[in-house]
2 protein chains.
Amino acid sequence: MTTTTGDQALIKRMNTAIVLEAILRAEPLSRAKISEMTGLNKATVSSLVQDLIDNRLVREIGTGVSSGGRKPVLLEFIDTAGYAVGIDLGVNYLRGVLTDLRGAIVAEKKLALATPDPDNTFNVLRPFIQSLIDEAPDGPFGVVGIGVGVPGLVDRGGSVLYAPNMGWRDVPLKEALDRTFGIPVLIDNEANVGALGEQKFGIGRGISNMIYVSVGIGIGTGLILHRSLYKGASGFSGELGHLSVEAHGKPCRCGNRGCWELYASEQALLDRAGELGYPQDLDALLAAAESGDAKLRKLLEEIGEYLGVGISNIVNVFNPNAVIIGNRMSKAQPWLEEAVRRTVEQRALGFHLRNVHLLYAELGDRSAVMGAAELAIAAFFDRLKAA
Amino acid sequence: MTTTTGDQALIKRMNTAIVLEAILRAEPLSRAKISEMTGLNKATVSSLVQDLIDNRLVREIGTGVSSGGRKPVLLEFIDTAGYAVGIDLGVNYLRGVLTDLRGAIVAEKKLALATPDPDNTFNVLRPFIQSLIDEAPDGPFGVVGIGVGVPGLVDRGGSVLYAPNMGWRDVPLKEALDRTFGIPVLIDNEANVGALGEQKFGIGRGISNMIYVSVGIGIGTGLILHRSLYKGASGFSGELGHLSVEAHGKPCRCGNRGCWELYASEQALLDRAGELGYPQDLDALLAAAESGDAKLRKLLEEIGEYLGVGISNIVNVFNPNAVIIGNRMSKAQPWLEEAVRRTVEQRALGFHLRNVHLLYAELGDRSAVMGAAELAIAAFFDRLKAA
DNA sequence: GTTTGTTTGTCTATTCAATAAACAAAGTTG
DNA sequence: CAACTTTGTTTATTGAATAGACAAACAAAC
């Protein structure tokens, strides 16, 4: 069985985490305020804060204004106690950030990727990550981890089981990076890290139940339920792009028929635009729509309707607080918004509509890379709580 | 903020729960074995067990066989320390059980319901519940709660917001029963309690991630994720019956089009059988299929295929360990099974298929009523842990 | 300037749960 | 019977949280 049994060390870890979270949430903060907010005794807070200061996670930044008595000593979290690397591994690009522990970007790089095969990718990725690590200022914890978002199925062990657009199968990405860098490496699906990015740093800040819909060449989804990323039985889930919305529709390479992404993705738009003689380029199409091309606007509206069909399903299934449309198609927001909203309002159950917001990614093409960094940051905090 | 801070009482509650769960899982059990299983010190276990004995939840039942030393004193959970009432409130029937704390049925009743309007239902339901309570033997905790499953949307406050088949809107069911009986009342959707019933007592015992598909007149679903019932933002979710599987299909009264339940429910079967001149009765149809009616078998196969379409979606979205088909249509298992399996294998993603089992409810028409009782039992144990 | 009351943060003594170690009781095995 | 095992209790110790006392620092009223 070996359940985690309770002892005094557990109490201390829990309460330390509570104190740290209070500081993170509302800094700068005095010990007295923390005691008041958390319900912990003043003496307890003092002792735990001292530990945090000794561990270089928190520091005193001088006194605040008095409210009729002794001045409070204000505390703040030391954002720069450590740094995290976030990587967005795309089919033909590599995007990376170095952030501090609060997610502020310290350095950012982008690189074109010639061929996506695993060997070439490794050869480019390794020096790319190293160059980000080299940018990290000194700090007590150094670089605390590397998070990577990948366009494919990732298992719990950090292996990429299947990434069709990159031609990968069973690539032990985490293992390879673990060995090279010797710091914690976290791998997850692109849509999952995108969801995390928007939930932590973007438009979805603090929302408990939200679905991030990554609309690019295909459609991927990241499910945040009860404030944390939902993974299914095998660690991968949320393939809502392959939700069938036309039981007898077009066959999909996944084996199913009428998959949502066949009707509502960037690829669907490009295909249909191609049939009408337009160039196969999203930016060009959006520029044309901008300049008033009615046929194109109509086409975008139809794509929006199909997005709305799938989103209605999502709303009925998950009853989330928000659905966030992200990735490349979020650029088309002005031409999609109205059709999506209208379709969802028509189709989703009334009771579910009450609390749901239809949002568009705020971080743009940074959703994934920021979420990847957050993976590493969250893992660092988890280690603190555990040890 | 008021996070639950850690103190020694919390530890004691946690460890007491661990000890109790160990006994529940593997009784009869000695103190020494519990210590070994849980990692808790022998002295700690002795002390906690004494508390449980004092609280009349556990008792010594004599000595076991020695393995070369002093004989162990075996402990067991006192199932009959308390009792729970479970109610399955149907459109035209009322089903109830009285169970002990382990879910063993002590008494069971069924009743036809003439008219489902709220007033009449209350007038029948109250004495029905009272008669079950009256059956409860004496025990230190008496009847610890009443769980009710309802065919409709239930909010967190236990009000039935909308139950179309019963014609209910905003009926404060929990409040009404609370006042009458003065013991904890838990209300939830029929599919949710069905899921709970199968997960606790039926074919889904111990499965972490499972989806229960209640196929009756409509289709309802109960989502058990990470071992617990998933509720969405507003407390109701899992309306997978209204997942659109034909974006431009038949209009549904919910406002959407092509909803799954229009193609795969008992009603869908009855409608199509009616067109072919069959009687509108499930049992009659199944009897005909049994006696070899080929046209009917073909029809059931088509229903099975549509069930498979929706289940493929479920598998792709949730990557669960199991999908359980329950409620009335589970009786049609022999005629559906093959078509469902074939369709899911064709349509669901290969990686997701690896760990998923397609199962049929084991408790038959008792899934819901047993799950309702479990609601009350689980709430009782939660109270123990909290206080 | 003095007094009064407030606020902050530390210190001290106490409580309580878990634990290791010692121990007694009750058993097996040769 | 002697030697060893197993079970469950007792005892002394550890450590985390807490209440309450306390000193320092301050504002506001007089």
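From a predicted model like this one, the values you see are computed outputs, not experimental measurements. Lettering of chains follows the sequences in order, A, B, ..., and the numbering in each one begins at 1.
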Side-chain polar contacts of residues 193-212 of chain B - donor-acceptor pairs under 3.5 angstrom, sequence neighbours left out - could you list them?
| unit_1 | atom_1 | unit_2 | atom_2 | d |
| --- | --- | --- | --- | --- |
| B:E198 | OE1 | B:I203 | N | 3.1 |
| B:E198 | OE1 | B:E362 | N | 3.0 |
| B:E198 | OE2 | B:E362 | N | 3.2 |
| B:E198 | OE2 | B:L363 | N | 2.9 |
| B:E198 | OE2 | B:S367 | OG | 2.7 |
| B:Q199 | NE2 | B:I207 | O | 3.0 |
| B:R205 | NH1 | B:F201 | O | 2.6 |
| B:R205 | NH1 | B:G202 | O | 3.3 |
| B:R205 | NH2 | B:E362 | OE2 | 3.4 |
| B:N209 | OD1 | B:H226 | N | 2.9 |
| B:Y212 | OH | B:N327 | N | 3.4 |

- Note on the structure: The complete set of salt bridge (Lys or Arg N to Asp or Glu O under 4.0 Å) pairs with one or both residues in residues 44-57 of chain B, sequence neighbours excluded, reads B:K12-B:D51
- Can you sort out the partners of A:F141 under ring pair (Phe, Tyr, Trp, His ring centres under 6.0 Å), two or more places apart, ordered by chain and number? A:F380
- Item | side-chain contact (heavy atoms from CB on, under 4.5 Å) evaluation trace for A:V144 with A:R383 | CA-CA 10 Å; A:V144 300; A:R383 290 198 300 278; 4.1 Å; yes
- Task: Hey, could you give me the CG/CD1 distance between B:L375 and B:I187, rounded to the nearest 0.5 Å?
- Result: 9.0 Å
- Task: Kindly say if B:R31 contacts the phosphate of D:dT9, meaning a side-chain N or O under 4.0 Å from OP1 or OP2.
- Result: yes
- Which heavy-atom pair separates B:L98 from B:L132 by the least distance, and what is that distance? CD2-O, 3.6 Å
- Task: Could you state the atom-to-atom distance from CD1 of A:I18 to C1' of D:dA17 in whole Å?
- Result: 13 Å
- Query: Which part of the nucleic acid does B:S30 contact within heavy-atom distance under 4.0 Å: base, sugar-phosphate only, or nothing?
  - Reply: sugar-phosphate
- Item | Non-neighbouring partners of A:K174 that pass side chain to side chain donor-acceptor pair (under 3.5 Å), sequence neighbours left out | A:D178
- Item | Within residues 42-62 of chain B, residues whose heavy atoms come under 4.0 Å of DNA chain D | B:K42, B:A43, B:S46
- Message: Nearest whole Å is fine: how far is D:dG15 C1' from A:D7 CG?
- Response: 10 Å
- Item | Spacing of B:L10 atom CG relative to C:dC16 atom P, expressed in whole Å | 16 Å
- Divergence of helical axes at both termini of the helix from C:dG1-D:dC30 to C:dG30-D:dC1 - five pairs an end, 10° steps: 0°
- For A:N355, enumerate each residue passing the side-chain contact (heavy atoms from CB on, under 4.5 Å) test, keeping only those at least two apart in sequence or located in another chain. B:S234
- Of all residues at least two apart in sequence or in a different chain, which pass the side chain to side chain donor-acceptor pair (under 3.5 Å) check with B:N189? none
- Message: Just the rounded figure in Å: distance from C1' of C:dT8 to CD of A:E36.
- Response: 12 Å
- Quick one: B:L75 CG to D:dT7 C1', roughly how many Å, whole number? 12 Å
Result block: side-chain N/O donor-acceptor pairs under 3.5 angstrom for residues 74-85 of chain B, not counting sequence neighbours:
| unit_1 | atom_1 | unit_2 | atom_2 | d |
| --- | --- | --- | --- | --- |
| B:E76 | OE2 | B:R59 | NE | 2.9 |
| B:E76 | OE2 | B:R59 | NH2 | 3.0 |
| B:D79 | OD1 | B:R102 | NE | 2.6 |
| B:D79 | OD1 | B:R102 | NH2 | 3.4 |

- Within residues 60-70 of chain A or reaching into it, pairs that qualify as salt bridge (Lys or Arg N to Asp or Glu O under 4.0 Å) - sequence neighbours excluded: A:R31-A:E60
- Task: Return the nearest nucleotide to the side chain of A:N15; candidates are D:dA17, D:dG8, C:dG9.
- Result: D:dA17
- Closest to the side chain of A:Q8, out of C:dG9, D:dG8, C:dA17, is C:dA17
- Note on the structure: From CG of B:L40 across to P of D:dG8 the rounded distance in Å is 15 Å
- Would you mind reading off the distance between B:N41 atom CG and D:dT7 atom P, rounded to a whole angstrom? 14 Å
- Nucleotide D:dT14, atom C1' - distance to NZ of A:K12 in whole Å: 13 Å
- Item | side chain to side chain donor-acceptor pair (under 3.5 Å) against B:E175, all qualifying residues, sequence neighbours excluded | B:R179
Quick one: which protein N/O atoms are closer than 3.5 Å to N/O atoms of nucleotides 27-30 of chain C? Pair and distance per line, please.
| unit_1 | atom_1 | unit_2 | atom_2 | d |
| --- | --- | --- | --- | --- |
| C:dG27 | N2 | B:G68 | O | 3.1 |

